Amino acid sequence: MRWSKALIPTLKENPADAVAPSHQLLLRAGMVRQLGAGAYSYLPLGLRVLQKATNIVRQEMDAAGALELLMPALQPVDLWKESGRYETFGDLLMQLKTSGGTHVALGPTHEEVITDIVRGLIRSYKQLPVTMYQIQTKFRDEPRPRFGILRTREFLMKDAYSFDANVDQLSTSYDAMYEAYCKIFDRCGIPYVIVEAESGPIGGDSSHEFMVPSSTGEDTIIQCASSGYAANVERAEVGKIDWPAPANPDAPAYVSVSTPYKRTIAEVCKFLKIAESASAKLLVFLADGNPVSVLIRGDHEANEPKLRRAFGAKTLVAADPDSIQKATGVPIGFLGPVGIKIPLMVDQSVAAMPTVVVGGNEVDIHFTGVVPGRDFVLDQVGDLRNAVAGDPCPKSGAPMTVSQGIEIGHVFKLGTKYSKAMGANYLDDKGQEIPIIMGCYGIGVNRIVAAAVEAGHDSNGIIWPLALAPYQVAIVPLQTTNPEVVALTDSIEKCLVEAGLDVIVDDREARPGVKFKDIDLIGIPLRIVIGERGLKEGTLEVKWRTDGAAHNVPVATAAETIRDEVLTKQRAEAAECEQRKIARGVQSS
RNA sequence: CGGGGUGUAGCGCAGCCUGGUAGCGCGCCUGCCUUGGGAGCAGGAGGUCAGCAGUUCGAAUCUGCUCACCCCGACCA
């Protein structure tokens with residue numbers, strides 16, 4: 001490919017709207033252009049990267065035995081009502097009406113459609129297991145698209161769905177996808193951590209997210225260096241915290257203080273001149289419709305899935321101020337555990353406090369010096385909140401750390417949620433009708449591209465891994481009118497292309513500095529410079545994007561030398577992937 | 001959906017307060033010159049100043065409404 005024909009509109013300056021590094025660099029490198037909020041065009045160069053990621057995903061899905069199919073983005077809303085997700089998906093679902101009046105939606109995901117297909121096709125246990133996938137555009141009416149191509153209203157997703165006869169089969173299918181994901185991200189050359197994620201009805205370790213560490217990431221990861229435990233904050237457990245605090249028989253009785261108009265934790269603590277961690281807040285939820293209360297330290301956040309499990313409830317929602325008043329007789333802002341009439345659960349961090357400041361269950365009143373266990377009961381204590389930095393690891397007890405990550409993949413054991421709701425059953429060997437057990441597995445393909453840039457860039461631009469680079473090699477002929485330079489350029493290009501490499505020749509009539517800057521910006525892994533100066537000495541210059549300096553190779557054998565250098569690097573990366581695979585095998589056994 | 005901000009040439013911005021010929025840098029086109037890290041000189045093209053409605057002799061500038069985009073938060077199967 002000739003640069004002059006490639007349409008690569010690089011920008012010297014950062015577009016004002018771009019904040020995230022990947023957003024800035026993909027724009028500046030001429031890879032994407034914004035059409036509207038959360039909608040991006042991929043220009044030729046950007047599309048090449050997206051397609052390289054797509055190809056790797058497809059190859060590994062095929063290798064894992066998944067069957068590719070293609071489902072429509074346009075889906076009847078009735079299908080969503082059938083699964084029960086029309087309500088839960090809410091405004092995120094893009095909806096429209098056909099000219100005939102049919103109410104349709106643009107698919108944000110495809111559990112409903114694939115389940116509809118399968119219930120018509122699969123009848124017998126002999127047809128199971130089967131896993132199918134597609135690579136297709138998804139639509140979600142995100143209330144706030146952001147960070148360039150990281151969160152958009154329209155995006156390319158690889159979504160796979162497994163169908164199994166029993167839980168053991170599901171585990172096998174799940175493990176195959178899990179392993180395929182590791183291979184995909186290894187091959188893409190992007191760093192990732194696998195974290196436990198909040199899971200559905202089956203529970204246990206049935207959901208994992210693949211995260212690329214990045215400060216731009218929207219997800220919070222809790223990790224323990226000593227045990228290797230890693231989980232999304234939505235899921236992360238807090239290890240055992242000792243409670244109650246040693247009893248102090250001399251502790252004075254709690255004191256009622258006037259706190260007029262001080263409702264929030266921040267207001268109360270500021271007013272009383274105490275740290276938020278010295279206070280506790282009583283939160284009221286409706287567990288399957290019944291009011292329940294939870295006591296959490298002032299600086300902590302409640303974790304609703306943990307609460308739902310703790311109360312053994314199917315649904316758990318925060319109670320609105322009216323129902324709180326009705327259930328407790330106390331207006332929001334002054335609730336406390338002392339003498340509370342509804343069921344109370346206490347987070348272990350509160351149970352461990354010697355004394356605590358809480359609401360007085362009366363307008364404009366808070367209590368100080370309240371002793372857990374003395375002034376309110378501690379018969380229901382547990383891990384009810386989001387983990388924070390320094391919390392003990394559930395495995396090792398060592399302090400855990402907090403970091404940000406970009407979710408690029410998610411594997412999930414669904415169970416029979418959709419097959420039951422939509423009647424996707426099979427007949428077992430005894431002729432019994434049984435709901436098919438499902439799993440779903442998603443990869444945000446655009447996010448692979450964005451995450452690769454977030455993880456690989458410097459002040460000069462993008463640093464693509466060889467596997468994703470739009471072109472692996474750029475050749476820069478410095479004197480485009482010198483026949484010797486041109487001939488050498490052509491012969492090296494030919495040799496590399498024949499070896500299966502993607503090569504771009506910067507044939508522009510521009511000064512060398514312009515070309516070097518652009519090649520660095522768009523992140524081409526290997527740069528070859530051919531100039532009269534080097535030719536006099538019989539050499540040309542080769543520089544890797546990741547290296548600080550260039551090295552010279554003799555002209556006579558240049559094409560083969562460079563070809564072998566790139567192929568060797570490719571093989572080294574493949575070997576690295578293999579090493580990781582072996583290491584994973586050792587870990588899991 | 002709440003809070004904040006911004007819309008002027010492809011990109012980055014000034015002009016607005018105090019109404020009176022729409023500007024600068026980069027990029028783009030022509031020519032000369034130059035050629036190993038975003039050169040220099042000369043000439044040139046390109047704008048319904050986001051839109052609509054007011055005020056005014058006259059609006060990029062003042063007023064009102066609308067729209068779009070960005071950031072923080074809420075939300076995120």
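None of the values given here were measured: they were computed from a predicted structure. Lettering of chains follows the sequences in order, A, B, ..., and the numbering in each one begins at 1.
Cation-pi geometry between A:R527 and A:F516 is satisfied (NZ or CZ under 6.0 Å from the ring centre, within 45° of the ring normal).
Of the candidates B:A39, B:C72, B:G37, the closest approach to any side-chain atom of A:D520 belongs to B:G37. Here B:C71 is the nucleotide among B:C71, B:A74, B:G37 with the atom lying nearest to any side-chain atom of A:F147. Distances were taken from every side-chain heavy atom of A:V514 (C-beta onward) to each of B:C70, B:U35, B:G38; the shortest belongs to B:G38. Minimum atom distance to the side chain of A:R146 is reached by B:C72, of the listed B:C72, B:C69, B:G37. Residue A:R511 places its side chain closer to B:U34 than to any other of B:G38, B:U34, B:G37.
A:D518 comes within contact range of at least one nucleobase, with a heavy-atom separation under 4.0 Å. Counting non-hydrogen atoms under 4.0 angstrom, A:Y86 reaches nothing in the nucleic acid. A:Q34 comes within 4.0 angstrom of sugar-phosphate atoms only, judged by non-hydrogen atoms across all strands, and of no base. Heavy atoms of A:R33 sit nowhere under 4.0 angstrom from any nucleic acid atom. Counting non-hydrogen atoms under 4.0 angstrom, A:P15 reaches the backbone sugars and phosphates but no base. Residue contacts shown for A:V19 are limited to sugar-phosphate atoms, with no base heavy atom under 4.0 Å away.
A:Q134 contributes a side-chain N or O that, together with a main-chain N or O of A:M71, makes up a donor-acceptor pair within less than 3.5 Å. A donor-acceptor pair under 3.5 Å is formed between the side chain of A:R263 and the backbone N or O of A:I332.
Taking atom C1' on both B:G54 and B:A59, the two are 11 Å apart, rounded to the nearest angstrom. Rounded to whole Å, the separation between the P atoms of B:U66 and B:A42 comes to 49 Å. Going from the P atom of B:A22 to that of B:G46 covers 15 Å, rounded to whole Å. Between B:G43 and B:C33, the distance separating the two C1' atoms is 15 Å to the nearest Å. Comparing the same atom, P, in B:U56 and in B:U63 gives a spacing of 16 Å after rounding to whole Å. A distance of about 26 Å separates the P atoms of B:C24 and B:U18, rounded to the whole Å. Rounded to the nearest Å, the gap between the C1' atom of B:G5 and that of B:G20 is 31 Å. Remark: the separation of the P atoms in B:C1 and B:G19 is 37 Å, to the nearest Å.
Atom pair A:I530:CD1 and B:U35:P shows a separation of 20 Å (rounding to whole Å applied). Atom CG of A:D17 and atom C1' of B:A50 are 14 Å apart (whole Å). With rounding to whole Å, A:E301 atom CD is found 12 Å from B:A74 atom C1'. If you measure from atom NZ of A:K417 to atom P of B:A77, you get 10 Å, rounded to the nearest angstrom. Atom CG of A:D506 and atom C1' of B:U35 are 14 Å apart (whole Å). Rounded to an integer number of Å, the gap from CD of A:E509 to P of B:G38 is 18 Å. Between the CG atom of A:L7 and the P atom of B:G10 there is a distance of 16 Å, rounded to whole Å. When the P atom of B:C75 is taken as reference, atom CG of A:L92 falls 13 Å away, rounded to whole Å.
Centroid-to-centroid, the aromatic rings of A:Y133 and A:H110 stay 6.0 Å apart or farther. Between A:Y161 and A:Y418, the distance from one ring center to the other does not fall under 6.0 angstrom.
Counted by atom type alone, A:S162 and A:Y441 present one or more donor-acceptor pairs between their side chains at under 3.5 Å. When only modelled atom types and interatomic distance are considered, A:Q95 and A:Y86 share a side-chain donor-acceptor pair under 3.5 Å.
With a cut-off of 3.5 Å on both pairing distances, the Watson-Crick or G-U wobble partner of B:G40 is B:C32. As the counterpart of B:A53, B:U63 is assigned, both hydrogen-bonding distances of the Watson-Crick or G-U wobble pattern falling under 3.5 Å. When Watson-Crick and G-U wobble pairs are counted only if both distances are under 3.5 Å, B:G58 pairs with no nucleotide at all. Pairing for B:U21 is absent, judged as Watson-Crick or G-U wobble with the two contacts each under 3.5 Å. Nucleotide B:C1 forms a Watson-Crick or G-U wobble pair with B:G73, both donor-acceptor distances falling under 3.5 Å.
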For the pair A:Q24 and A:H457, evaluate side-chain contact (heavy atoms from CB on, under 4.5 Å) and give the outcome as yes or no after the intermediate values. CA-CA 11 Å; A:Q24 293 178 346; A:H457 68 269; over 6 Å; no

Could you go through the salt bridge (Lys or Arg N to Asp or Glu O under 4.0 Å) check for A:D507 and A:K515 one step at a time? CA-CA 9 Å; A:D507 58 339; A:K515 299 184 178 186; over 6 Å; no

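No N or O donor and acceptor, one from the side chain of A:R28 and one from the base of B:C11, sit under 3.5 Å apart. If you check distances only, the side chain of A:E13 does reach the base of B:G25 with a donor-acceptor pair under 3.5 Å. The base of B:G12 lies outside donor-acceptor range of the side chain of A:N14, with no N or O pair under 3.5 Å.
Mapping A:K515 and A:E234 onto RNA chain B by nearest heavy atom places A:K515 closer to the 5' end of the strand. Mapped onto RNA chain B by nearest heavy atom, A:K517 and A:G38 fall at different nucleotides, with A:K517 at the one closer to the 5' end.
Residue A:K12 places at least one side-chain N or O under 4.0 Å from the OP1 or OP2 atom of B:G27. Side-chain nitrogen and oxygen atoms of A:R144 include none within less than 4.0 Å of the OP1 or OP2 phosphate oxygen of B:C1.
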Please list each protein N or O that sits under 3.5 Å from an N or O in nucleotides 40-42 of chain B, with the distance.
none

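Electrostatic pairing of A:R119 and A:E82 counts as a salt bridge here, judged by a charged N lying under 4.0 Å from a carboxylate O.
The side-chain heavy atoms of A:Y181 and A:V411, taken from C-beta on, include a pair separated by under 4.5 Å.
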